[in-house]
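These numbers were taken from a predicted model, which means no experiment stands behind them.
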Amino acid sequence: MIEPELKEPLGAAQGASALERATADALSGHGPLAESDAAFIERTAQQAMAEAVAQAIDRREPLVAEAGTGVGKTFAYLVPLLLSGRRALVSTATKALQDQLFLRDLPRLLRSLRLPARLALLKGRASYLCLHRLKAARDSATLPDRFAVRALARVEQWATSTRTGDLAELEGLDERSPVIPLVTSTRENCLGTDCPSYRDCHVMHARRDAMAADLVVVNHHLFFADLALRDTGVAELLPTVDAAVFDEAHQLVESGVQFLGVQLGTSQLIDFARDLLGVGLTQARGLRPWPELAAACEHAARDLRLACAGSLRDVRGMVKLAWDERASAPSFQPALQALDRALRRVVDALADLLPAAPDFGRLSQRATELSQRAASFAAPCADTQVRWIDVGPRDARLVQSPLDIRDLLAEQRASAARAWIFTSATLGDDANLSWFSEAAALEDARKVRVESPFDYRQHARVWVPAGLPKPNDPRHPQAVGELAARLAGHLHGRTFVLTTTLRVLEPIAQGLRAAADRDGLRLDVLVQGTQPRRALLQRFLSGPGHVLVGSQSFWEGIDVPGDALQCVLIDKLPFPPPNDPLVQARSRALQSRGRDPFNDYFVAEAAVSLKQGAGRLIRHEDDRGLLVIGDVRMRQMGYGKRLLRALPPMTPVADEAQALAWLDELAAAHQ
């Protein structure tokens, strides 16, 4: 059941614990946070969540807390965590959010609360400079262009002064740079204690700092990758903490499913081939046919990608394919067998060289593991798992995964009594937050839903157009683009168009541009994929006149407060793709338990995604805007009412005239 709102100030209830009272004081209008920051205001909603967190810490119990936009959930869990004096781990969705917590939020709180807690930031190996691989890259790497050469030179210069080795310190280093895999390590290529740079290893220093800290900040990917592989220090750290908090918990299940499975990627194989060539030529030149061995592995990887892609051409983003769709193709099994043979040749070639250098031992282990994975994917899949193939523009991955993270989290919770706290702005659309709690085996946890303090009824409108073609109609993308032009024309830009698939980005953008040209509107249409996300956002924020058309990466994690964004148009309801292998497997599992996959899974997924997309609109208490959902099923189907109820309580408008009148009112405020 959802907890009722507080009837009295936090900590005032008879029998409140010392932690509850201290948290109440810290978050009050006269507390240390208010004293140190004139902009801090006391929020009843924030206090309600903080009280629940304090109680979970005191009782070492699980808590699932949904906190609407504007609640201030970060401070609502950090303040009781810090005041408790208990050892804690905080996990969030991305490395950027990790940095925000570690570099901004936590230091600010420690200063205000006058606490001496030791903090640590722990990321995955790929975030840290590897000194050994930097030297190898300097000596033997073949770089693709002059930009990569300059990037490597920048890394070398920075390496002489960095204390942490965290590549996030290097401003302007593109996360897609080909230099990054050359100067970072993986579990497969790390030499461990045999590494000549082990004493100065940045990864090991980060782990030691984490083990000595009172509060450690990690991310979901690292958390699950470590529990699966025991490679990054979290598995060693977790038994020592009294509380574990997972922020942005709506991403937790998919992160876990990704890392608890087994993968065999063609880019992983190509990286191995290049490492084999580099080590062979620098440490045993002429002793083995290194170019031939590496080329055989790389050639086998490329053949495997072609077998996975089949007739797919010009892939944008990552496409998920059913296993049977490709595994039964004539070229698939031969490609796996050729890969296995190439890897076994490498193992044989390295056998007599293992004593010569630690690098050869790691290469042999990697080749053996990759060969074993190739063999496992050639064998039948276990009944409790699901397989699929991800195909991207330059990569393909064979994936075998569990359907959820229930077993792992249940095992971790049973291992010791500690507080487990899961929070996000979107965790479900029912009283028990079932969308999240069922997938994470948290049915027994306390559930708290804290509503946003924003006045959505006054500040936001929602409109579902009645005249658009149905979403499966080929005319739908163009109609959405034309509608976006009309809306953005009244606002002079300031509009996001969020799509559920990548393939409609360009058709919608074309319809938008054509309508804008026809009506003489000066709109700059920005489309996902034409530039990095950060660059697109910077252009959007540079002034009025911009419309951004984006897919999944713009549905969440984007914060555009103020009047820079005042209209969000969602092209259609974000149901899970029915042909997705993981979606199909989850649907079958629900059916086998006598449940309705459409209501219990598809509509629940759509509700959460819709809340995420709608959440881009109102980011501050003074923001105003219009949400448009371009899907007539919201009007025509029974589940439409359920999805509308899942949204913040925006005032509905009946037709386009009312919608445009609202936009005119918003635009007038700019003049």
Side-chain angles (χ1 to χ4, degrees), residues 1-7 10 13 16-17 19-20 23 43-81 90-93 220 243-254 256 404-406 408-410 412-414 417-453 590 595 599-601 603-612 615 642-643 645-649:
M1 294 293 292
I2 293 300
E3 302 286 337
E5 284 195 21
L6 291 180
K7 305 300 184 188
L10 175 65
S17 71
L19 178 58
E20 290 174 68
T23 301
R43 307 176 194 177
T44 302
Q46 185 179 58
Q47 290 186 339
M49 177 176 168
E51 179 182 54
V53 172
Q55 290 170 351
I57 294 171
D58 276 335
R59 300 167 186 171
R60 295 177 180 262
E61 291 179 346
L63 170 70
V64 178
E66 183 180 87
T69 306
V71 165
K73 65 180 170 64
T74 303
F75 280 20
Y77 67 75
L78 286 180
V79 168
L81 263 189
V90 175
S91 179
T92 191
H220 301 340
V245 177
F246 297 87
D247 197 353
E248 301 298 317
H250 64 281
Q251 295 191 25
L252 193 67
V253 173
E254 294 309 315
D404 52 45
I405 59 173
R406 288 182 60 86
L408 176 78
L409 282 186
Q412 291 299 320
R413 284 179 54 200
R418 65 173 60 89
W420 292 87
I421 298 158
F422 304 85
T423 184
S424 171
T426 50
L427 291 174
D429 70 324
D430 66 345
N432 289 314
L433 303 174
S434 302
W435 175 83
F436 174 75
S437 58
E438 287 187 2
L442 288 162
E443 293 92 340
D444 62 323
R446 179 185 177 190
K447 315 296 190 313
V448 173
R449 176 180 282 168
V450 185
E451 301 293 345
S452 169
L590 285 170
R595 296 176 60 180
N599 284 322
D600 293 349
Y601 179 47
V603 178
E605 287 277 340
V608 170
S609 294
L610 201 59
K611 287 169 71 173
Q612 284 289 339
R642 174 181 169 185
L643 294 176
R645 286 196 303 270
L647 294 172

Legend entry - 4.5 Å side-chain heavy-atom contact, W420 and Q412: yes
Inset, instruction - Return yes if some donor-acceptor pair links the side-chain N/O of H220 with the main-chain N/O of V253 below 3.5 Å, else return no. - result: no
Inset, instruction - State whether a side-chain donor-acceptor pair under 3.5 Å links T44 with Q47. - result: no
Inset, instruction - Answer yes when E61 and R413 have at least one side-chain N-carboxylate O distance shorter than 4.0 Å, and no when they do not. - result: no
Legend entry - Between T426 and Q612: side-chain donor-acceptor atoms closer than 3.5 Å: yes
Legend entry - Side-chain heavy atoms of T423 within contact of M49, under 4.5 Å: yes
Inset, instruction - Spell out, as yes or no, whether a donor-acceptor pair under 3.5 Å connects the side chain of R449 to the backbone of D430. - result: yes
Inset, instruction - State plainly whether the residues K73 and D247 are in salt-bridge range, i.e. N to O under 4.0 Å. - result: yes
Inset, instruction - Check for a donor-acceptor pair, side chain of Q46 on one end and backbone N or O of G72 on the other, with a separation under 3.5 Å. - result: yes
Legend entry - Test item: R645 and D429 side chains (from C-beta on) under 4.5 Å apart, heavy atoms: no
Legend entry - Donor-acceptor contact present, side-chain N432 to main-chain S434, <3.5 Å: no
Inset, instruction - Please examine the side chains of V603 and L643, heavy atoms only from C-beta on, and report whether any two atoms are closer than 4.5 Å. - result: yes
Inset, instruction - Check whether any side-chain heavy atom of I421 lies under 4.5 Å from a side-chain heavy atom of I57, and answer yes or no. - result: yes
Inset, instruction - Would you indicate whether the side-chain heavy atoms of L252 and F436 approach each other to under 4.5 Å? - result: yes
Legend entry - Residues V245, L81; criterion side chain to side chain contact (heavy atoms under 4.5 Å, CB included); working and verdict: CA-CA 9 Å; V245 177; L81 263 189; 3.6 Å; yes
Legend entry - side chain to side chain contact (heavy atoms under 4.5 Å, CB included) evaluation trace for L63 with F422: CA-CA 6 Å; L63 170 70; F422 304 85; over 6 Å; no
Legend entry - Minimal non-hydrogen separation, L442 against P62, with atom names: CD2-CB, 4.2 Å
Inset, instruction - For the pair R60 (side chain) and A417 (backbone), establish whether a donor and an acceptor sit closer than 3.5 Å, ignoring hydrogens and angles. - result: yes
Inset, instruction - For a side-chain hydrogen bond (donor to acceptor under 3.5 Å, both in side chains) with E66, tell me which candidate from K447, H250, K611 qualifies. - result: K611
Inset, instruction - Looking only at non-hydrogen atoms, find the nearest pair between E248 and T92 and report the distance. - result: CG-OG1, 4.0 Å
Legend entry - Contact summary for F75 and P80, nearest pair of heavy atoms: O-CD, 4.0 Å
Inset, instruction - Identify the two heavy atoms, one from A646 and one from A607, that lie closest to each other, and give their separation to 0.1 Å. - result: CB-CB, 4.0 Å
Legend entry - Backbone N/O of A50 and side chain of T23: donor-acceptor pair under 3.5 Å: no
Legend entry - S424 (side chain) donor-acceptor with L427 (main chain) under 3.5 angstrom: no
Legend entry - Whether E438 side chain and W435 backbone form a donor-acceptor pair below 3.5 Å: no
Legend entry - Backbone of F246 reached by a side-chain donor or acceptor of S91 within 3.5 Å: no
Inset, instruction - Measure across G70 and P453 and return the closest heavy-atom pair with its distance rounded to 0.1 Å. - result: O-CG, 3.5 Å
